Amino acid sequence: MEKQTATNGMKKRQLITAANRTVFAWIIAASIVIGICGVVVQFLARQFMFNSKVYAAVSATNKTLEANIAAYDGLKADVTKLVADTNLAALRKGENSTPLQVIIDALPTEESRSALATSMQSEVVGPSGVTINTFTVSGDNGGGSGAKSSASGSVGSFDFNFSVTGTYDQVKQMFKNIERSIRPITVQAFQVRGTDKQLQIVVTATTYFQPPKQVMLKEKQVKP
């Protein structure tokens, strides 16, 4: 009787050990499955977030393109009006010039200091009859550019100085020419010496330019 009891106890222990091994195996298998599921869920979440970023970037690009296309007709109409503007056409410097060139001459896209000196001498100051003694653009002799400009596309400026000699009427005509100049010029200060028959004028002035707008296609990398 005692032998049968011992045998039954051993069988129970074997069954318990086998059950423990089975449960342990199932726990390991379940842990592996849960780990794999967690990795897959994390990957899918990251992929979803990345796809959302790509979709947002594509949507923003599409909106920009739609806005550009919508603005094209209006821009084309404005340019056509400028080309047909008789007032601008009357200010052309030659048959090869266009009304649009007149606008560029009025507010250049670059500092164009040498062009300023030439136009001032040949078209503004010179035609008044005065004698030009000196003409200096700020920054030409070193010490920096002398130009004042903030962000790209904003209006910049630089100073220039010149001295002339002429009669009262000639000097008066010179200032009228400056006032009527197609290029914006602000006279900051001037000094006068001499008599009505012979005046010497030293002028400090500022002119302006506007850098062109940069229109280009860009590539943007969307990172996960």
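Predicted model only: the values in this text are computed from it and were never measured. Residue numbers count from 1 along this sequence.
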Same apolar cluster: [X] and [Y], side chain cutoff 4.5 Å:
| X | Y | result |
| --- | --- | --- |
| Phe162 | Val187 | yes |
| Val202 | Ile132 | no |
| Val33 | Val41 | no |
| Ile36 | Val39 | no |

Where do [X] and [Y] come nearest, in terms of heavy atoms and distance?
| X | Y | result |
| --- | --- | --- |
| Ser163 | Thr134 | OG-OG1, 2.8 Å |
| Gln121 | Pro127 | O-CD, 4.0 Å |
| Ser157 | Tyr208 | CB-CD2, 3.5 Å |
| Asn177 | Val124 | ND2-O, 3.0 Å |
| Val203 | Met174 | CG2-CE, 4.4 Å |
| Phe160 | Ile185 | CZ-CG2, 3.9 Å |

| request: Evaluate whether atom CZ of Phe175 has more than 12 neighbouring non-hydrogen atoms of other residues, nucleotides or ligands under 6.0 angstrom away. | output: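 Enclosed.
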| message | Name the residue from Asn161, Asp159, Thr206, Thr204 that meets the side chain to side chain donor-acceptor pair (under 3.5 Å) definition with Gln188. | response |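 So the option named by the test is Thr206.
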Atom pair [atom1] ([X]) and [atom2] ([Y]), whose distance is rounded to the nearest 0.5 Å:
| X | Y | atom1 | atom2 | result |
| --- | --- | --- | --- | --- |
| Ile32 | Ile27 | CD1 | CD1 | 12.5 Å |
| Leu65 | Lys63 | CG | NZ | 12.5 Å |
| Arg193 | Gln198 | CZ | CD | 12.5 Å |
| Lys176 | Asp169 | NZ | CG | 9.0 Å |
| Ile201 | Gln170 | CD1 | CD | 11.0 Å |
| Leu116 | Phe209 | CG | CZ | 11.5 Å |

| task | For residues Phe50 and Val54, determine if any side-chain heavy atom of one lies less than 4.5 Å from a side-chain heavy atom of the other. | result | yes
| message | Quick one, Arg46 and Phe43 - any side-chain contact, counting heavy atoms below 4.5 Å? | response |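 Side chain of Arg46 against side chain of Phe43, heavy atoms only: no contact under 4.5 Å found.
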| message | Evaluate Thr207 against Arg183 for side-chain hydrogen bond (donor to acceptor under 3.5 Å, both in side chains), listing each step before the verdict. | response | CA-CA 8 Å; Thr207 190; Arg183 180 165 182 165; 2.9 Å; yes
| Counting N and O atoms only, with roles assigned by atom type, does the side chain of Asn62 sit under 3.5 Å from a partner on the main chain of Val58, one being a donor and the other an acceptor? |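 Flag not set: sc Asn62 to bb Val58 has no pair under 3.5 Å.
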